[in-house]
Number of protein chains: 2
Amino acid sequence: MAEFYKSNHRYYLSVDCVVLGLNSGKLSILLTRRAFAPEEGKWSLMGGFVQPDESIDQAAKRVLTQLTGLSNIYMEQVGAFGEVDRDPGDRVISIAYYALINFDEHDRRKVLSHNACWVEMTDMPELGFDHPAMIARTLEKLRFRFVNEPIGLKLLPRQFTLSQMQSLYEAVLGHPLDKRNFRKRVQEATCIEPTGEIDKLNSKRGAALYRFNAKTYERDKKFKI
Amino acid sequence: MAEFYKSNHRYYLSVDCVVLGLNSGKLSILLTRRAFAPEEGKWSLMGGFVQPDESIDQAAKRVLTQLTGLSNIYMEQVGAFGEVDRDPGDRVISIAYYALINFDEHDRRKVLSHNACWVEMTDMPELGFDHPAMIARTLEKLRFRFVNEPIGLKLLPRQFTLSQMQSLYEAVLGHPLDKRNFRKRVQEATCIEPTGEIDKLNSKRGAALYRFNAKTYERDKKFKI
DNA sequence: TCAAAAGTGTTCAGGGTACACCCATGG
DNA sequence: CCATGGGTGTACCCTGAACACTTTTGA
């Protein structure tokens, strides 16, 4: 069946992951310094080759689970990158994904053992391949989704203060937000509810802690920052 | 160099194109009835295999040029589709693109010779593979872009009436628009200018013809429907 | 007592939406 | 003369943006 397929070329196929997390309140990305050619010594995104028994989505999830120890990671496809010479080693087509990681819950030893480390987004080193374009397209998508869907909360701890949330939004959107307007929007988003607890670590006065209620979100679908 | 790549599998790689055009004022899609397995007899999108010397974008453009005789087609990547069993013939990863065609200028004989035909979007037959998902994602993207960028004009003739334009927007957005509000927005979009000519074919009174001015758009970047 | 972050309402302008009638002409 | 599509302006509402001071408490 499908004998004529055999007359066509086949290609290496990889996934590259733009892995984002909040490290000490700073939006950070998981990068690795390549230990071998091509692009040896340069920083790059975390990637892996697609295996025959897995879909491309599954390949991305596998890479992320191996790297962080987490399952159920929020991921979205960014797009396919297929310039002829994008990989100087050989022709490889890569599908980019972004992932939003709960930093507190991930396995730091796994990250280290993969030769990866967290780098603040504001302090990005030079990257190899077409990885800068993958990151740029990720941020475009994120900016849109962040204001329309509560996916930003995937980056925050289970309980978070509104200041933490606001500074995350400012980091992703790339500009400062008005505090009162921000809080007004959050109040209107019924899925973000106070836990009753107070965080005393980051301020003298203490700040109310909030959590995301997925059930309420499913019911109301109300979220707009 | 990159010897370790060789331990990995390689995959067939195709592009599938969601080709849209306005056939007699109706938003239509270019489909082909498959003459061979897999999915023989079913309708499907126009596609082709990626060649070793071309990027995935170039592959999509090549397929479209062969099919329509047009170069400089407006295309955008929709995304990669890579379920293991998405193609019952063999494992094929496909990158979907959409294309907006100026119906009047395309080569109908080429289309016919590729066994393709234009089908109204409101009258979509059952499609094979994961092509329905490709079309659905195309429409999501289109709805967003149509209101923020003047890409809808790629589908219209060089000169068009505001009624033609409005009915195109209604077809893509999936709901009726208010005529006065629509025309107000068009007037604010300086890049859409009257030609001074009158179309007498579609109405007794005659309707003013407009054209898109790319230079004005580059200057003002003003377009919001 | 003061530094540092938390918390809180109102006003205003502009954009979006709703809405109904006259016009020109071919048949 | 009438059916058909072309063309036009206004009122209201609501959302988004700007803006400053008080509270709490640890050091």
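Here is the naming used below: chain letters follow the sequence lines, and residue numbers restart at 1 for every chain.
Applying the side chain to side chain donor-acceptor pair (under 3.5 Å) rule to B:Arg158 yields the partners B:Glu105; only residues at least two apart in sequence or on another chain are considered. Partners of B:Leu162 under the side-chain contact (heavy atoms from CB on, under 4.5 Å) rule, at least two apart in sequence or in another chain, are B:Arg183, B:Val186, B:Tyr210. Taking A:Phe103 as the reference, A:His106, A:Trp118 meet the ring-ring contact (aromatic ring centres under 6.0 Å, His included) condition, with sequence neighbours excluded.
One interatomic measurement links the two molecules: CD of A:Glu188 to C1' of D:dG16, which rounds to 11 Å at whole-angstrom precision. As a whole-Å value, the separation of B:Phe182 CZ from D:dG7 C1' is 14 Å. Atom CD of B:Gln187 is separated from atom C1' of D:dG7 by 10 Å (rounded to the nearest Å). Atom CD of B:Glu197 is separated from atom P of D:dG6 by 17 Å (rounded to the nearest Å).
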Decide ring-ring contact (aromatic ring centres under 6.0 Å, His included) for B:Phe81 and B:Phe129; before the verdict, give the C-alpha distance in whole Å, the side-chain angles of both, and the deciding distance to 0.1 Å.
-> CA-CA 10 Å; B:Phe81 290 75; B:Phe129 307 103; over 10 Å; no
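B:His114 and B:Thr32 make their closest contact through O-OG1, 3.7 Å (heavy atoms, listed as atom of the first residue, atom of the second, distance).
The distance from the OG atom of B:Ser28 to the CD1 atom of B:Ile101 is 12.0 Å, given to the nearest 0.5 Å.
A:Leu153 places a side-chain heavy atom less than 4.5 Å from the side chain of A:Met165. Proximity of A:Lys26 to A:Thr122: side-chain heavy atoms (C-beta onward) are nowhere separated by under 4.5 Å. At a threshold of 4.5 Å between non-hydrogen side-chain atoms, the residues B:Gln66 and B:Lys110 do not count as touching.
The stretch residues 147-170 of chain B does not touch DNA chain C, since none of its heavy atoms comes less than 4.0 Å from the strand.
Taking every nucleotide of DNA chain C with any atom under 4.0 Å from a non-hydrogen atom of chain B, the first and last of them, 5' to 3', are C:dG16 to C:dG26.
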Please tabulate the protein-to-nucleotide N/O contacts below 3.5 Å involving nucleotides 19-25 of chain D, giving atom names and distances.
{"unit_1": "D:dC19", "atom_1": "N3", "unit_2": "A:Arg180", "atom_2": "NH2", "d": "3.3"}
{"unit_1": "D:dC19", "atom_1": "N4", "unit_2": "A:Asp178", "atom_2": "OD1", "d": "3.1"}
{"unit_1": "D:dA20", "atom_1": "N1", "unit_2": "A:Arg180", "atom_2": "NH1", "d": "3.4"}
{"unit_1": "D:dT23", "atom_1": "O2", "unit_2": "A:Arg205", "atom_2": "NH1", "d": "2.4"}

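With a 6.0 Å radius and a threshold of 12 heavy atoms from other residues, nucleotides or ligands, B:Asp104 has its CG atom above the threshold.
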